[in-house]
Protein chains: 2
Amino acid sequence: MEVIGGKWKVVILCHLILGTRRTNQLKKLMPGITQKMLTQQLRELESDGVIERKVYNQVPPMVEYTLTEYGSSLKDILDSLCKWGENHIVKVHGVNHDLLEESILNH
Amino acid sequence: MEVIGGKWKVVILCHLILGTRRTNQLKKLMPGITQKMLTQQLRELESDGVIERKVYNQVPPMVEYTLTEYGSSLKDILDSLCKWGENHIVKVHGVNHDLLEESILNH
DNA sequence: CTGTATCCTGATAGATACTG
DNA sequence: CAGTATCTATCAGGATACAG
């Protein structure tokens with residue numbers, strides 16, 4: 001739970017499951033997150049060994065984040081978590097399915 | 001994550017998967033938890049509909065907690081979570097397997 | 001574009017004492 | 001036995017400004 005318990009970590013991980021992403025791509029995928037939180041959560045995921053940070057020395061800067069092989073072992077958890085979470089949100093909050101992505105990914 | 005994200009919730013749920021437990025049983029199973037936290041986490045799990053609280057009117061009081069049917073749907077998540085967590089602790093903290101239960105359930 | 005540095009607030013949790 | 005009430009400490013997270 002310490003590894004995936006941060007407010008945005010599961011969301012970040014779900015995005016990275018789909019492939020490598022740049023910092024700004026992640027930011028656009030999660031409009032509700034602040035720059036500070038994004039960096040912070042990414043650093044923690046990195047130091048836990050589940051994602052990798054690749055810096056390209058150029059101007060303007062470019063940084064890519066990728067799921068490590070170890071991080072990929074979280075896929076099962078993420079999947080069952082997302083599945084359960086969707087049902088739960090629909091059940092408890094009565095959100096219809098079209099609003100789910102927005103509801104989940106932005107908050 | 002809001003449902004299982006509390007500091008002790010996954011531990012409580014893991015115990016309740018094995019069967020109904022009384023308050024004091026849970027307390028003994030988790031030496032590190034305080035009375036306050038135990039009650040609090042149980043109440044939250046209850047209001048999320050994943051556990052059920054049964055009060056027997058007697059002296060001394062007896063209260064039993066059981067996983068609801070809905071709560072049982074968390075079993076997959078809990079399983080994969082525990083599995084991954086064990087590996088992670090061994091890998092990161094170098095804890096040997098005998099110390100795992102103590103390490104996990106008490107902190 | 002990516003990231004750091006502050007400052008600040010609310011949530012979370014620990015300790016302790018008390019109640020029916 | 002099970003739970004409540006306080007009070008306090010800590011921490012995660014938000015807002016904002018700044019930097020290479």
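In what follows, chains carry the letters A, B, and so on, assigned in the order in which the sequence lines appear, proteins first and then strands, with residues in each chain numbered from 1. The basis for the numbers below is simple: all heavy atoms, side chains too, and nothing from hydrogens, waters or symmetry mates. Everything quoted here is computed from the prediction, not taken from an experiment.
A distance-only check finds a donor-acceptor pair linking the side chain of B/T68 to the backbone of B/V50 [under 3.5 Å]. Although no hydrogens or angles enter the test, the distance criterion places no donor-acceptor pair under 3.5 Å between the side chain of A/Q40 and the main chain of A/M37.
Straight-line distance from the CD atom of B/E64 to the P atom of D/dG3: 12 Å, rounded to whole Å. In this structure, CG of A/N24 is placed 8 Å from C1' of C/dT2, rounded to the nearest angstrom. Taking atom CE on A/M37 and atom P on C/dT2, their separation rounds to 18 Å, with Å as the unit. If you take CG of A/L42 and C1' of C/dG3, they are 11 Å apart, rounded to a whole angstrom. Straight-line distance from the CG atom of A/L38 to the C1' atom of C/dC1: 12 Å, rounded to whole Å. Atom CD1 in A/I33 sits about 8 Å away from atom P in D/dG14, given to the nearest Å. Rounded to whole angstrom, the span from the CD atom of B/E2 across to the P atom of D/dA12 amounts to 18 Å.
For A/Q35, whose side chain is taken as the heavy atoms from C-beta onward, the closest listed nucleotide among C/dT2, D/dG3, D/dA2 is C/dT2. Of the candidates D/dC1, C/dA13, D/dG13, C/dA13 carries the atom nearest the B/K7 side chain, counting heavy atoms from C-beta on. Listed nucleotides: C/dT2, C/dA13, C/dC1. Nearest to the side chain of B/Q40: C/dA13.
Contact annotation: A/R22 side-chain N/O to C/dG3 OP1/OP2 distance is not under 4.0 Å. OP1 or OP2 of C/dG3 has at least one side-chain nitrogen or oxygen of A/Y65 nearer than 4.0 Å. The side chain of A/T23 places an N or O atom within less than 4.0 Å of a non-bridging phosphate oxygen (OP1 or OP2) of C/dG3. Within the 4.0 Å cut-off from OP1 or OP2 of D/dA2, not a single side-chain nitrogen or oxygen of B/R43 is found.
When heavy atoms are screened at a 4.0 angstrom cut-off, A/Q41 is found touching the sugar-phosphate backbone but no base atom. Counting any heavy atom pair closer than 4.0 Å across all strands shown, B/Y56 reaches no nucleic acid atom. Within 4.0 Å (heavy atoms only), B/K27 reaches no atom of the nucleic acid at all.
Classification of B/D79 and B/K75 as a salt-bridged pair holds, one side-chain N sitting under 4.0 Å from a carboxylate O. Salt-bridge formation is not detected for the pair B/E64/B/R21: no Lys NZ or Arg NE/NH1/NH2 atom is positioned less than 4.0 Å from an Asp or Glu carboxylate oxygen.
B/Q41 and B/K7 share no side-chain donor-acceptor pair at under 3.5 Å.
Contact annotation: side chain of A/K36 to base of D/dG14, donor-acceptor pair present below 3.5 Å.
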